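For ligands, and for the atoms within them, numbers begin at 1 and follow the listed sequence. Note that the structure is a prediction, hence the values are computed from the model and not measured. Nothing fancy with the numbering, it's 1 onward along the sequence.
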Amino acid sequence: MKNLWDSAEAAKCKSDLDLRVYSSRLLGRDDTLVLHGGGNTSVKVRERNVVGEEEEILYVKGSGWDLETIEAHGFAPVRMAHLLKLAQLETLSDPQMVNELAVNVIRAGAPAPSVETILHAVIPHRFVDHTHADALLAITNTDDGETRIREIYYDDVITVPYVMPGFELARACAKKIQAELKPTTIGMVLLKHGMFSFGATAEESYGRMISLVERAENYLKQRGAWELPPIGPMGPIGPMRVQLAALRRDIAETAAFPVIVSTDSNPKSLAFARAGNVREISQRGPATPDHILRTKRLPMLGHDVNGYATAYREYFSRNVPRAKETKTMLDPAPRVILDPEFGLGTIGRSAREAAIARDLYSHTMDVITRAEALGGYRALSEEELFEFEYWDLEQAKLRRAGKPPTFAGEIACVTGAASGIGKACVEALLKRGAAVAGLDVDPLVTTGAGQRPDYLGVECDVTSGEAVGAALEHAVRTFGGLDMLILNAGIFPAGAPIESLDDSEWRRVFAVNLDANLTLMRECYPLLKLAPRGGRVVVIGSKNVAAPGPGAAAYSASKAALTQLARVAALEWGAVSIRVNTLHPNAVFDTGIWTDDVLKTRAASYGMSVEEYKRNNVLKTEVRSSDVGELAAELCGPVFAKTTGAQIPIDGGNERVI
Ligand code: ZN
């Protein structure tokens with residue numbers, strides 16, 4: 001544990017709320033304390049309202065905010081006086097609580113206050129910090145967790161047995177605080193859930209959190225349960241993209257929507273998935289209840305998706321009779337896979353969701369390993385976990401959730417993705433919710449779309465079959481399969497009349513514009529065949545197919561052959577629901593080849609201005625790479641679900657083509 005408090009940084013804060021933002025971010029920076037929206041913080045501030053009355057306001061983390069990146073407006077300001085009255089009630093239903101919190105927020109447009117708001121209010125200290133620290137979970141998730149906590153903290157902390165978060169937990173804590181809080185109390189341990197610390201200043205509360213968690217770490221160290229066992233090299237993993245795509249299809253069928261399956265074959269994950277006792281230790285439940293929403297209660301072992309789904313349905317029917325309200329069963333598909341071949345796999349409706357599940361489970365493996373070393377990992381009971389997973393507040397979120405984006409859970413591969421039309425295709429697909437693997441010889445492809453979980457840029461020469469195989473393997477391990485293929489990579493050589501056309505130049509053009517696409521189609525076929533909604537291929541052809549130009553023999557012939565290849569593919573692949581369509585763009589000038597100088601020279605040679613030259617088509621409109629990208633993405637979407645083997649010009653209308 002490292003105390004990251006920097007007095008110089010803290011001195012820049014102008015108010016208690018600024019300090020609250022500053023130290024919340026310090027907590028958020030340490031992934032052994034909080035992860036992805038986990039944990040929450042608050043500060044109590046006295047303020048004068050618009051009619052001059054002084055009020056105490058609790059600024060508490062708003063839902064949807066992450067401690068690492070929270071800002072002042074990420075805190076919801078709630079009237080303390082009312083919160084304290086609520087804490088006195090005997091009962092308060094979840095919908096009532098949500099309503100009471102919402103109507104006592106004093107700023108329009110503020111985020112919904114955390115479901116732990118009342119709990120923050122009943123702690124009398126100004127600053128309150130709450131985390132789900134790995135070290136604490138490793139200790140409390142054991143049989144004698146409570147005894148161990150007393151051994152570590154004496155009466156420096158109040159210990160609260162597990163209670164479902166929300167009003168019940170706030171009530172339980174309020175009672176404990178009333179009975180046990182002393183001037184020397186610095187925190188509160190919620191067994192199998194997390195740690196609270198509090199203090200008069202941001203620095204004090206934060207410092208107490210760090211020192212409390214440090215004491216937990218030291219306890220584990222003294223018992224040889226902190227250092228994770230060293231892991232030797234695991235050896236290479238052979239190609240598995242087709243098996244993975246098949247597994248993803250099974251999961252998508254069970255979930256009833258396409259999913260991203262992201263694998264993580266680092267030594268830790270492999271060692272955990274291959275451990276002799278994995279069947280036992282992985283089937284006890286999550287480290288802290290709120291992980292369940294991202295990871296489900298249990299990981300799937302191996303590839304038996306049907307078995308997993310059956311067990312999930314049984315778990316639902318076993319537990320649902322106890323529920324007070326009607327519950328809608330969530331999809332029975334797993335969110336975490338432990339597999340001896342690839343290690344850890346995580347599933348989400350988007351690459352971001354899969355990445356969150358990966359981070360959560362990566363920490364869960366550490367917690368389980370340490371708790372096992374301490375004497376045995378024990379999670380919450382099935383009943384307690386069901387109650388959390390089917391909490392009415394979470395079910396309400398489900399009911400509110402809008403329609404997912406068109407390509408949610410789907411994966412596209414785009415060649416020539418570093419610039420021009422390829423880059424525009426990447427952007428159009430990302431915008432519609434797809435995860436995208438971009439391939440290009442240009443190393444810019446790796447950073448082109450910025451750092452985001454739904455984009456993988458792979459430097460790849462598509463004329464090398466080996467490089468294509470490796471790139472697809474990488475893409476499928478990252479996202480789980482392939483639904484859409486955009487064949488865009490191509491070269492446009494300098495003009496040359498046939499009589500002086502060089503053999504090697506001819507072959508070079510064909511190698512990129514034609515042969516590489518055959519390799520890609522052949523290698524992608526077994527993956528596209530497994531796409532949950534059917535595979536889609538979009539070939540970027542050229543106006544030159546229908547209307548070739550003199551001096552462009554190699555280019556025009558290669559694109560014509562590519563078009564013919566696409567037509568045959570449409571015929572051959574229709575039976576396995578793969579659609580293949582071709583776009584014929586023309587005069588797309590916002591790409592790398594068309595520098596201002598080239599444009600000027602070209603326009604001048606036709607006696608036109610650059611503007612006239614760009615719009616030299618029937619519609620007198622400029623065709624941009626984004627127009628082509630948008631159409632390519634639409635061709636993969638539901639509007640064109642019944643179309644295959646089509647050739648669509650995107651050229652503003654060309655008299656020779658028409
Ligand atoms: Zn919590």
Pair S23-R20, side-chain donor/acceptor within less than 3.5 Å: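 Yes.
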Around the Zn ion (ligand 1), how many protein N, O or S atoms are closer than 2.8 Å?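 There are 3 of them.
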Quick check, are the ring centers of Y390 and F316 under 6.0 angstrom apart?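 Aromatic pair counts; centres sit under 6.0 Å.
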Aromatic centroids of H120 and F196 separated by under 6.0 Å: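 Ring-ring flag for F196/H120: true, centres closer than 6.0 Å.
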Contact list for residues 365-380, test salt bridge (charged side-chain N to carboxylate O under 4.0 Å, His left out), sequence neighbours left out: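 For residues 365-380: D143-R378, K268-D366, R284-E372.
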Using side chain to side chain donor-acceptor pair (under 3.5 Å) as the criterion, list what pairs up with Y315, not counting sequence neighbours.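 Here the qualifying residues are E389.
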Residues 87-100 side chain polar contacts: donor-acceptor under 3.5 Å, at least two apart:
{"residue": "E90", "atom": "OE1", "partner": "R171", "partner atom": "NH2", "Å": "3.4"}
{"residue": "E90", "atom": "OE2", "partner": "R171", "partner atom": "NH2", "Å": "3.3"}
{"residue": "S93", "atom": "OG", "partner": "Q96", "partner atom": "N", "Å": "3.2"}
{"residue": "S93", "atom": "OG", "partner": "Q96", "partner atom": "OE1", "Å": "3.2"}
{"residue": "D94", "atom": "OD2", "partner": "W391", "partner atom": "NE1", "Å": "2.8"}
{"residue": "Q96", "atom": "OE1", "partner": "S93", "partner atom": "N", "Å": "2.9"}
{"residue": "E100", "atom": "OE1", "partner": "H82", "partner atom": "NE2", "Å": "2.6"}

